[in-house]
Structure formats: C-alpha cells, structure tokens
J.: 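Next up is a structure, given as structure tokens.
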Amino acid sequence: MTARIEKTTCPYCGVGCGVNFTVPSAATDPVEPVSGDRDHPANFGRLCVKGSSLAQTIQSDDRLLTPMVNGESVTWQTAVETVSEKIAQVVKDHSSDAFAFYLSGQILTEDYYVANKLAKGFIGTANVDTNSRLCMASAVVGYKRAFGSDTVPCNYEDLELCDLLIMVGSNAAWTHPILFQRIAEAKKQRPHMKVVVIDPRETATCDIADLHLGTKPGSDAAIFSYLLQHSVQENVLDQGFISRHTNGFKEALNQASESTPTLASAAEFCGVSEKDLSLLASWWAETPKTVTFYSQGVNQSSSGVDKCNAIINCHLATGRIGKEGAGPFSITGQPNAMGGREVGGLANQLAAHMDFATPGAQSLVQRFWQAPNMARENGLKAVDLFQAMEEGKVKVVWIMSTNPMVSLPDTAQVRRSLEKCELVIVSDCKAHTDTTAMADVLFPATGWSEKDGTVTNSERRISRQRGLLPAPGEAKHDWWTICEVAKSLGYQSAFSYRNVHEIFVEHAALSAFENNGKRDFDIGHFSQMTKEEYDALVPVQWPVPKGRPEGTARMFEDGRFFTPDKRAKFIPIVPQLPVNQFSQEWPFTLNTGRVRDQWHTMTRTGDAALLTKHTDQPYVEIHPRDARDLGIEDKTLVRLTSPHGEALLKAKVSRGVAPGNVFAPIHWTQQFSNASVVSNLIPQVVDPLSGQPESKHAQVKLEAVKDVSYGVVVSSELLEELDFTYWCYVPSEHGYHYEVVWPVGENVSSIQTLLNQDDASIGEWLEYTNPVTEQIRLAYIQDKKLSLVAYLHPTPESISCDWLESKLAEQEPLSEFDRMAILVGLPANVEDKGAIICTCFQVGKKQIEQAVTDGVCSVEEPRFIIKMRNKLRLLSS
Ligand code: SF4
C-alpha cells in the first residue's frame, strides 16, 4: 500500500491554514513532514514554522493513554460512570448550575456542539465557558452591540486589497505569521498601500509599518474617538450610509467630541506625538479602502468591548464596511474560537448565534433539541466560574483541552478553586500539564491528526480537520466521551451519534431552523449532506444557506444588519485606561503576549526541538534605562512580583519596550520551568460586558536576583525533581537542554546532587574547575557514553550547545580527545552559530553578525544567500 496525501487544517492559530498530510502506509512508518495546501484560500500553500513542524509533534512520550480516576488507570466504563454519577448527584442535591464545562478553542466544532447541547439542553446549566473567553470575547460583544450579531464582516483578501491597514494590538508577524506574510507581499506588490501599527511595543510587525504609534498601554480607544471627529472635520463621512443603515451617530459623535476634543488631547491620552496621530488621521481621511485589524491587544482589556466599538464606529461613519478592502476585522487567536462561537460555546450564548435574550430563541432551541431541561439564563463567564468554584457553588467542572492553571489570571486563585471543587474532570491528550495535575478524573483524548471534524478560521471559513492517524492507547474523541457521559445520565436518544458527520448535519440544521434570514449564522445548505460529502468538504465561508453553496465572502454588502430594524448601531465611547495603574509599590506595567515559535502552553509545540531554537527560555523584556536603574544585566535572573504572585524570568534588555513597561511571553508552565508562570502576576480584572480578563496589563515590581550563578545543562534524559533556584528546559534533537540558576557558593559535589546524578556506582563524573574564572564544567559518563554535561558560570554566558547535544546521541564510546573537548568546550573545527534566528534554515545569530561584518546589508543580497548556502553546505558535509 502506498502512502496517501490528505488535506487537513493546522491546529494552532486563527489563520486556519490548510495542510497536506501524508498518511503513512503502515502504522510503524515515520510521519513525513507536512506541507501547505495550495488549494486552501487561507494560506495558498504557505505554512509558518509552527505549522511546518507539525509532524515533529505527533510522537509524544507524554500521551495520556488510559482513563484515570484518582491517579489509577480504570476502564472507560468506570471513568464515565464516576463522572455521570457525580454530575447526577450534585444536580440533585444542589442545582444544575453546580456543574460546569470549561472548554477550549482547540476542540472541534462537533465536540463543542455536543458539550453545549448536553449542558444547556439536558443538564440545564449555561455554565459552558471556554478559553476563548481569554481570546476574543470582547470582539464578540463589540460586533453584537453594533451589528446585532457576532459577524466578522471581512475576509483575508480585504487585507491585501486595502490601501490603508491599521493593525491595533497585534504582533501578527509572530502570532498570525501567514496573514502577515500575505500583507507584506501585498504591500510589496502595491507600494502605495500603507500599514500603521498601534502597539505599546515595537514588535516584528513594525518591520512593514509606515507608521508605528507606540501608545500608552490600553489607550487605543482614544485614537478611534479622535478619528471619528476627524472624519467630520475632513468631510469624509458617508452621510447616505449613516442615514440609511445606522442609528445613534449623533450620540457617538457628541461623546467623541467630549472625550477627545482636540488632536492634542487625544495624543496626550495615548502618549503619542501629535505629529504621528495627525499623520494617521490624514491617511484615514484620504483612504476609503481601510481595514482595521485588531486582536488580543484590544480584546484583553477592562474596556475591550468599548475599544472594538470605537473602531467599528469609525468604519460605520465612513461607510467602510461590506466593501472590498474595507472593514473592522477582529482576528481570533485560536484555531476554532470561531467554531465555538457558532455553537454557543460561551456562557452568554445559547446556540447557533442565538442568545438567551433573543426573543423566542429558548423555545426554538428546546423544540429543535427536544430538550427536557433547558438552561434559562446566561451562565458564568470564565473568571466568575472559577470564583464560583472557590465559593463552593460550582462543585463539578469538566475541563477540556485547555490549561487554566497557566492561562487564566491569578493562578493561585485558580488552584484554590480546583482544590475546592468536589470533582475535577480533565480531558486532554497529554498526561502531564499543570491542569491534569489537579484532576480527579482524566479522560484520554485524541489530538491533531487523530481528531475528526470541522474548525472555523478568522474569516468565517469552515474547514475539515481530518482524523488521519489511529488514536493511541485508549484515547477517544471528545465528542464521543461527552456522548457516553450523556447516555450514562439517561439521555441515550439525543446523544446516539455514530460519527462527526451526524453531529455536523444536526448543527447545520439547527442553524437554519426557523431562520429565514433572521440570523447571520446559517449553514442550512449542509443539513442534508451525506457522509461522503462531509468527508470531502472543501473550505467555505459561512453563511452557507440553502441555495448558496458557495458561501459568503463578505458580509453587510447590502447595508442590512441583524438588529431588529436592520440598522447598525453606533455606540458612544468614553476611552478608559486599564484599571490598575502605576504606584510607588508597583511601578512597572507588565504586557504579555506570545513568542514566534510557541503556541499557548507548549503542550504541543514544546515537543518540537526545532521550535525551541528561536526562544529557549522565558524572559522579561525591559528597557535599558530601567535595567540600569535596577542593576539588571541582560540574561540575568529577575524576580517579578505583583499583588497576586511572582515569577522568575531572564532579563532581555531591549528598546522594544518603553521605559516603565515590561513584556513577558505567556507560554511557560511548571512542566517546563519551576517559577515562570506569568499568569501568577495577572489580576482577575475583566471587561464588565464581555468578562474578558485584562491579561495584557498588570502592575508589577522587578528586582535583580543577586548572589546566584548560572549554568547550562544538556542531558540525554529528562531530569526529575530539580531543586535549583530557577530551572527551565526545552527538548533538543538528542535530549534536553536546561538553563539553571542556583545560589553562589555551591561546590561541585552539591551541584552533582542538585542534578540528581550523584550515584557513583552508575556513572563517572569528569570535572574541570577554573579557580580564576570560577567556571565549573562537569560531564557525566555512563557506559562510556556521554549522559549529561553542565557548564556553570558566575555570570550568564551564551553557549551554543549543538555540538554537545550531538555528542549525547553518539553510540561509540567517547574517545579521550572527546572527553577533553567536552570539558574545554567546542572543538576548533565546529562553527558556533549562536542563537538560531532562522529556524527553517537553522541560521544562527553569529552567522548573521559575521555576514554583516563582511559587508552584507540585506537578506536579499546574493552574496548573503551564497554565503549562507556555502556555510550550510559546509556544515552538512
Ligand atoms: Fe498554523 Fe497559524 Fe502558522 Fe497557519 S499561520 S501554519 S494556522 S500557526
């Protein structure tokens, strides 16, 4: 049998790229690298480094393979009955609201659909929330307030067709790389296209920006408040659109005039120069084809909904919506945040884009589901949900495919709530996460390449994520597990689906049920589709009502919205700053985000050695002036403290952040580092309308961690129970790479103990100590082969460990020369590339610096390319 190529969808970000996956002909065959699907309209064959490394994440030593109850492997029947009996008991003894789901933008639409149906229609609780609350809940409410529906108006082509692209609160170069590449390419083809970045940080996205507005954190709404007034002053209002298709313009304009009466007042509020704001305003006024692209920097705010509406107001006022190259475009972070929105995967939604407050919606859904026990009102949003757990009101929680112990704000509170909960159920494909550690019941779940169903990307495009590999061990699909629990609760007939196709067509039928154009989400065309048609489904943008199988590229082209009078609504906005502000005690503003090559809490990307090369440890970015004032050197250990907790991170001294501001990535968990969970620092401050946490803003203090020494350890084995002041690790090609910090003065033997390798009967230690430089170099040899190397220094040093790591893999006994070379450092004939900058081609920082020294000015310069090629050839020969 020959291997066959199947099309599926990348499981990481909301771009939703199509992926070609070669299904091995035999179970024992290795998985080949994936490639981009040229036919997929999201990416046309491109993949970023995360997507192109997917094959490397499939084999994991840490899969959860059997159901577990209280730490013991059990049968599926035992696990399902344990869960259903407890749910039945708390519902009987307390109320339906004593149970809650906490779901994830990583699960598929079909998983979401059955979870929502079980909770809201059968158990009778709307306590169904999701980690998408942390991602785009403010964008949802912003759209609903303005349009009467959660409708993304634009598509990706609009990003290429616009003449002005305003990117707000988004480092798309790292978070949505393929969209960024499409934008960069469009700008290259159409040099008159302008890109403006509004972000407190100077990020990689600024590389293509004509203008960067480095705003005060959280101040963005004032920019759009000013642009609304400026549109009046410059006479660029679309009066016809305003009068025919909207309500409330006058009130919104009056508020804008009051909030930001002048250019100077708006510039001062945002902390930008009048010149820069004026330039943006003039481009805005003269460019009808404008898209505003916004993401977590807007949404993760205590006034995130208002920010979204400040943006939408400007587009409505100028009629820049429902047209090619124009619109307010919220980009979701997660692969299926949109799918969750479609089925009602948020606690304040009912199903199929209907809300509890939508007239007639509860009855409609109840009749469609034949539901015996409908929830009647909104459930608890994520932060409220975990607070209710701590208060003992929610007694059973089922967490699916997400890691709230790392992603929700105030980790200490999340821990207390899970400890208080009577039963914590976690469905995950990984055995060890910070959240599975809190579980009473673990359900082993299928992962990407095994899961089967659909996802929806940021431009409303539904694509198939196909089940191509068999599930390992006893892992099952999430929809199957939910249905088994539902059946065990007595709801056999409503949850007797045999496959995902049956769920999808029911979901499609509900979207069309008594719809008749009243609701935006209608995929009724699919309600009669066969299993073969479902399996062959090609990517399509909803709505896909009956009679429109090609779907809908752009919304609101007719100027009709989903409010009762079909008019969009302007919302008066008062720009607000974040809730917590500077104080003597907490003088630094912490911003959070992502690094280029990691995703969420690293449960998948943390398995791929290639993806750890770009950023191999957690860090805090700090301005040089602040670093100098605090005595913090680059790469040294820093303690960040907030009123909620603390984190240890390595300093990255950089002008990318403004003085008084620091930035830290969110990815590191206790599985990868002992003390670097950034959500420890974040307060549980939320937007009052959306419930989305202000995760991009915390007030903290920083201090240098003094009297410590630094080390790098490479080991063939994962090191257990390390007891350093700080440790973090990433996988490497042949083992594990650790960064460690410990108090000064430890001697060689105590370090050997700290490394848990002090059994002289098993291995042999080589050591070298330099009394002048205070460097210690240790190597642990087992069976004449290298098992571990530790290089320890009084100060942090950049050490390129590729050669040492390659030695871990050698099968031959170490030669005397090698033993010496390992203690001395790199042998002379191996090039030290420095930190890897280009992950795809493994080009290091030192190689680039050398090329620049050699006179190269651009990556496009043939000399540079030739030189890099020569170097790569040299290295591979
Ligand atoms: Fe995957 Fe997003 Fe990268 Fe596309 S851009 S390959 S969806 S991570």
Side-chain angles (χ1 to χ4, degrees), residues 7-21 33-58 104-109 132 135-136 152 155-157 159-160 167 170-186 203-205 208 293 295-296 329-340 447-449 451 453-466 539 541 593-608 610-612 614-615 665-667 838-840:
K7 292 178 189 294
T8 185
T9 310
C10 176
Y12 296 127
C13 79
V15 180
C17 295
V19 172
N20 292 324
F21 184 93
V34 303
S35 62
D37 175 4
R38 288 179 188 279
D39 299 329
H40 199 293
N43 56 317
F44 296 110
R46 297 181 178 103
L47 289 178
C48 75
V49 66
K50 290 190 287 283
S52 53
S53 302
L54 273 164
Q56 293 183 27
T57 66
I58 284 173
S104 158
Q106 278 69 48
I107 63 174
L108 306 187
T109 302
S132 300
C135 165
M136 51 61 198
V152 177
N155 64 40
Y156 294 163
E157 259 191 3
L159 300 170
E160 298 164 325
M167 304 178 82
S170 163
N171 181 13
W174 284 14
T175 57
H176 298 91
I178 294 304
L179 277 191
F180 180 77
Q181 285 178 25
R182 286 181 64 167
I183 294 163
E185 185 59 29
T203 64
T205 302
I208 62 163
F293 173 117
S295 194
Q296 267 85 330
F329 198 173
S330 152
I331 302 291
T332 52
Q334 301 183 89
N336 199 30
M338 292 283 277
W448 184 82
S449 75
K451 279 177 92 69
T454 55
V455 290
T456 307
N457 73 3
S458 297
E459 60 166 357
R460 292 174 281 104
R461 193 176 296 281
I462 299 170
S463 299
R464 286 282 274 113
Q465 205 183 92
R466 293 186 165 88
Q541 285 176 282
R594 298 181 184 148
V595 299
R596 193 190 68 185
D597 293 355
Q598 289 299 331
W599 183 247
H600 278 16
T601 60
M602 296 169 66
T603 45
R604 176 177 283 273
T605 46
D607 282 344
L610 184 73
L611 296 180
T612 64
H614 178 259
T615 307
I666 56 167
H667 308 286
C838 171
T839 311
C840 296

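Read the numbers this way: they start at 1 and go in the same order the structure lists the ligands and their atoms. Everything numeric here is computed off the predicted structure, so don't read it as measured data.
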J.: Are W448 and F21 near enough that their ring centres are under 6.0 Å apart?
T.: yes
J.: Under 4.0 Å between a Lys/Arg side-chain N and an Asp/Glu carboxylate O for K7 and D39?
T.: yes
J.: Could you count the protein N, O or S atoms found under 2.8 Å away from atom 1 (Fe) of ligand 1?
T.: 1
J.: Quick one about R594 and T175 (side-chain donor to acceptor, distance below 3.5 Å, no hydrogens or angles considered), yes or no?
T.: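 No.
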J.: Start with the C-alpha distance between T605 and Q598, add both sets of side-chain angles, then the distance that settles side-chain hydrogen bond (donor to acceptor under 3.5 Å, both in side chains), and finish with yes or no.
T.: CA-CA 6 Å; T605 46; Q598 289 299 331; 2.7 Å; yes
J.: Taking all non-hydrogen atoms of both residues, which atom of M338 and which atom of N457 are closest, and how far apart?
T.: CG-O, 3.3 Å
J.: Just checking, any donor-acceptor pair under 3.5 angstrom between side chains of N171 and T205?
T.: yes
